[in-house]
2 protein chains.
Amino acid sequence: TVMARGVSKIYHMGDEEIPALDGVDVTIRTGEYISIMGPSGSGKTTLFNVIGALIKPTEGSVFIDEIDVAQLDANELAWLRCRKIGYIFQAYNIVKVMTALENVTLPMLFAGVPADEAQDRAVEILDRVGLGDRILHTPKELSGGQQQRVAIARAFANRPAIILADEPTANLDLKTGEDIIHLMKEMNAERGVTVVCATHDHKMLDISDRIVWMEDGQIKKIADRDEV
Amino acid sequence: TVMARGVSKIYHMGDEEIPALDGVDVTIRTGEYISIMGPSGSGKTTLFNVIGALIKPTEGSVFIDEIDVAQLDANELAWLRCRKIGYIFQAYNIVKVMTALENVTLPMLFAGVPADEAQDRAVEILDRVGLGDRILHTPKELSGGQQQRVAIARAFANRPAIILADEPTANLDLKTGEDIIHLMKEMNAERGVTVVCATHDHKMLDISDRIVWMEDGQIKKIADRDEV
Ligand SMILES: Nc1ncnc2c1ncn2[C@@H]1O[C@H](COP(=O)(O)OP(=O)(O)OP(=O)(O)O)[C@@H](O)[C@H]1O
Ligand SMILES: Nc1ncnc2c1ncn2[C@@H]1O[C@H](COP(=O)(O)OP(=O)(O)OP(=O)(O)O)[C@@H](O)[C@H]1O
Ligand SMILES: [Mg+2]
Ligand SMILES: [Mg+2]
């Protein structure tokens, strides 16, 4: 389970206070596929950053499988982010000086996977997202949607228990977007990967177990798929 | 008019040749709203870069109002890119060390607009895209969709004759995306701005005069809206 309890995040700019998150409570069940929707600026990325233990909340707590992430030391946090959670960033954050193949093998090498096995798995997942003929391209030799797919492939590389996907289909056409959604649903259904997806893409609704709506840093509504 | 005639772009990687554009012919009429759709990797951004005179084609020519852009000197090209064309980049390319306000005023200052007038216009256009309360935020203090809207506002700042919008609604929710499409349609209808939009967003189809489909670096089909 991934649980956010009473999570708030306030940014300070001079005298101004910006409540990016305002009292968020949500429990994501193990193996669930949950989509988070809401207007631009409503707090989806900030919630992901808090859940993924990348930033500290101003108030409240995050529990991952009942462990309070605020109690983890640097090594434990690093393990969490490297092995347990796969993060697909909204701006991709792929390494500009590395090829697609290097970008995807890197987290596996950090996790101690032997180099040749890491390369085989990287080639397989890159092929799976339609980049089989682009593995030696660096980001500037890739289109926007291809860069996005490198970020997606990289997140799945270490077979994490939890995927945080921040708008993973934003730069993809309908068909390619459906392929990616299909891949994530398959990971979820066949391997029990918990998928948390921030998205503006209404195609995502049909395959989500639950849908969360956010607005102004708050959760307004959570619904089961069949209620929607 | 914006005309691409026999435009090809071939990238070389070692011995490999990648035909990003392969014999593209299209004439965009003055004041038209034209959408370009196609799979990720099909050549939309590359076509924009050639049309916007940011890269040279391997073969073929681009004519903007009957002027061959290959014949322009550095000053003329700079003027074209600063005053005539407004480019909304797929990756935004906004300046990270500047606020939203500074990012939007910058092209106006380059164009010789007095600083106070530039500021007034910047505030107005930022308010129009829903960022009125974010004008002093730098990119890292903005959400993905907010950064995209800074890029949009910046492109309109100098009241260009032609807007090249590369997936301008990719990171926007339905409502915000509709507001932006509405803004661009209004610029087109009321001010005669020629809008060329690369998009995966099917909401864009209803307001386009024509739609171009690309695949593998080629134009497969061009249709009028009512044929679609
Ligand atoms: N470092 C910061 N300082 C000040 N305000 C910030 C900062 N980071 C984010 N914000 C604000 O917090 C709010 C939430 O941002 P967040 O990135 O979580 O939104 P989002 O839901 O992911 O939006 P989008 O759909 O556009 O990606 C936004 O209004 C943003 O301007
Ligand atoms: N510098 C480069 N070197 C080699 N190949 C490149 C380079 N730049 C682009 N490409 C390739 O050219 C093709 C077209 O790229 P382009 O960015 O125009 O696609 P696109 O239609 O904009 O895709 P998307 O919808 O994903 O943004 C892609 O297959 C890409 O891998
Ligand atoms: Mg976001
Ligand atoms: Mg593109």
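Sequence lines set the chain letters: A, B, ... in the order given, protein chains first and strands last, and positions in each chain run from 1.
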(request) Quick one: list whatever passes ring-ring contact (aromatic ring centres under 6.0 Å, His included) with B/Tyr92, sequence neighbours left out. (result) none

(message) Please determine whether the number of non-hydrogen atoms from other residues, nucleotides or ligands lying under 6.0 Å from atom NZ of B/Lys56 exceeds 12.
(response) no

(request) Examine whether an atom of B/Ser143 lies under 4.5 Å from a heavy atom of chain A, and if so say whether it belongs to the side chain, the backbone or both; otherwise answer neither. (result) side chain

(request) Side chain from CB out, backbone as N, CA, C, O: work out which of these in B/Gln146 comes under 4.5 Å of a heavy atom of chain A, or both, or neither. (result) both

(message) So does A/Ser8 get a backbone contact from the side chain of A/Glu59, meaning a donor-acceptor N/O pair under 3.5 Å?
(response) no

(request) Would you check, one step at a time, whether the test salt bridge (charged side-chain N to carboxylate O under 4.0 Å, His left out) holds for B/Glu186 with B/Arg128? (result) CA-CA 12 Å; B/Glu186 189 176 298; B/Arg128 185 71 206 273; 3.1 Å; yes

(request) Report the option among A/Gln147, A/Met37, A/Gln90 that has the most heavy-atom pairs separated by less than 4.5 Å from atoms of chain B. (result) A/Gln90

(request) Using non-hydrogen atoms and a 4.5 Å limit, figure out which bit of A/Ile18 sits close to chain B: side chain, backbone, both or neither. (result) side chain

(request) Output all residues satisfying side-chain hydrogen bond (donor to acceptor under 3.5 Å, both in side chains) with B/Arg134, sequence neighbours left out; order by chain, then residue number. (result) none

(message) Can you tell me which portion of B/His137 sits under 4.5 Å from chain A's heavy atoms? Options are side chain, backbone, both or neither.
(response) both

(request) Sort out for me which of B/Ala20, B/Ala91, B/Gly144 touches chain A most, counting heavy-atom pairs under 4.5 Å. (result) B/Gly144

(message) Would you say A/Ser42 and A/Glu215 are linked by a side-chain donor-acceptor pair, where the criterion is simply a distance under 3.5 Å?
(response) no

(request) May I ask you to check whether over 12 heavy atoms, not counting those of A/Lys220, lie within 6.0 Å of atom NZ? (result) yes

(request) State, yes or no, whether a side-chain contact exists between A/Val50 and A/Leu21 at a heavy-atom distance under 4.5 Å. (result) yes

(message) Going by the rule side-chain hydrogen bond (donor to acceptor under 3.5 Å, both in side chains), which residues pair with B/Thr138 if we only count those two or more places apart in sequence or in a different chain?
(response) B/Glu141

(message) Are there residues of residues 169-178 of chain B whose heavy atoms fall under 4.5 Å of chain A's heavy atoms? If so, which?
(response) B/Ala170, B/Asn171, B/Leu172, B/Asp173, B/Leu174, B/Thr176

